[in-house]
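Remarks on the structure that follows.
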Amino acid sequence: MDLEKHPAAPAPAPAGLRASDADRDRIAQILGDAVAEGRLTAEEHSERLDTLYAVKTVGELEALVRDLPAPAGAHAPSASASSYAGAAGPAAETIVAVCSSSSRKGRWRPGAHTRAVSVMGDITIDLTQAVFEQQVTEINVTCVLGNVEVLVPENVTLRGYGSGVLGNFEVRGMSRGETDPQAPVVIVRGFSLLGNIEARPKLGARLVDLARKLRKNLDG
């Protein structure tokens, strides 16, 4: 058999693969552990989180933690991270308001991914008393001739990526110095058409439950 006529196809380079939500959650956990252990400053942690949600490939994600120790099992999530990310809250939830209003508030468990759709309606997503069961919570918003408001505790890391056409997309309070590096990361992605999307911290509301849980995981 002539092997030269039938060369084996090269395996795709893992570094070039598109990053998944699970990949980003894994890297976010490593960064969270690093700032808790004093390996990163709060400013360095915030800068790397900004990059984390801007890059697109696994290789670019891995570069963010190349100088940090990997969790047990090389690049697999640690046991504490797995139990933390896989808690009882719903993996995804959809909130819809069409010529009506809808809200999520009080003591509730948001999933890792929440989708909000407002068409001539009002949606309020209040996370100030929420029980976070994952490091990263992402909210994807589509707003047409409506209004969507997202409220978060003061000490979480809030990030926003979106745009508006004859409408408004605004994420306020994304300061780096006031957030708690052990608290959750809330990402709001959105598109507004003739509508309004606003995400902001609620003054006086601070989250403590998750910080305690993370410290217990790190100490254990």
Side-chain angles (χ1 to χ4, degrees), residues 10-78 80-82 84-86 91-92 110-116 127 132-142 150 152 155-164 169-192 197 199-201 210 214 217-218:
L17 295 178
R18 298 281 292 196
S20 67
D21 291 334
D23 293 326
R24 296 183 196 278
D25 289 349
R26 174 172 57 83
I27 298 301
Q29 180 66 38
I30 296 174
L31 293 176
D33 290 349
V35 74
E37 294 167 359
R39 299 179 189 276
L40 292 178
T41 65
E43 291 77 14
E44 290 171 331
H45 178 257
S46 183
E47 289 172 0
R48 296 196 190 197
L49 276 181
D50 284 341
T51 304
L52 173 65
Y53 298 105
V55 300
K56 296 181 179 180
T57 67
V58 172
E60 291 171 311
L61 289 180
E62 295 294 345
L64 296 175
V65 295
R66 193 167 292 156
D67 59 342
L68 300 174
H75 294 288
S78 65
S80 62
S82 297
Y84 184 61
H113 300 276
T114 296
R115 184 185 180 203
L127 299 168
F132 291 85
E133 295 182 326
Q134 60 277 329
Q135 175 79 25
V136 180
T137 298
E138 184 168 324
I139 301 172
N140 289 277
V141 181
T142 302
V150 180
V152 303
N155 57 329
V156 307
T157 298
L158 179 63
R159 295 286 181 264
Y161 306 93
S163 61
F169 176 88
E170 182 178 8
V171 176
R172 291 188 281 157
M174 293 197 295
S175 62
R176 296 178 177 178
E178 299 175 359
T179 60
D180 183 345
Q182 294 188 4
V185 178
V186 176
I187 304 166
V188 179
R189 303 181 188 274
F191 173 74
S192 172
I197 300 172
R200 61 181 175 84
L210 184 65
L214 278 174
N217 286 338
L218 289 173

*With sequence neighbours excluded, what pairs up with Thr57 under the side-chain hydrogen bond (donor to acceptor under 3.5 Å, both in side chains) test?*
Glu60
_From Ile30 atom CD1 to Arg66 atom CZ, the distance as rounded to the nearest 0.5 Å_ = 12.5 Å
*Determine the minimum heavy-atom distance between Ala199 and Val188, stating which atoms define it.*
CB-CG2, 3.9 Å
*With the side chain counted from C-beta on, respond yes when Glu138 and Arg159 share a heavy-atom pair under 4.5 Å apart, and no when they do not.*
no
_Rounded to the nearest 0.5 Å, what separates atom CD1 in Ile197 from atom CZ in Arg189?_
13.0 Å
*Can you measure from CD1 (Ile187) to NE2 (His113) and round to the nearest 0.5 angstrom?*
9.0 Å
*Which heavy-atom pair separates Gln134 from Gly111 by the least distance, and what is that distance?*
NE2-O, 3.5 Å
*Verify, without hydrogens or angle tests, whether Arg200 (side chain) and Arg172 (backbone) share a donor-acceptor contact under 3.5 angstrom.*
no
*Answer whether the closest heavy-atom distance between the side chains of Ile139 and Leu127 falls below 4.5 Å.*
yes
*asked:* For Asp23 versus Arg18, what's the shortest heavy-atom pair and its separation?
replied: OD2-O, 4.2 Å
_Less than 4.5 Å apart, side chain to side chain, heavy atoms only: is that true for Phe169 and Val141?_
no
*Are Val150 and Leu158 side-chain neighbours, meaning at least one heavy-atom pair lies under 4.5 Å?*
no
*Taking all heavy atoms of Arg39 and all of Glu44, pick out the closest pair and write down the distance.*
O-OE1, 4.3 Å
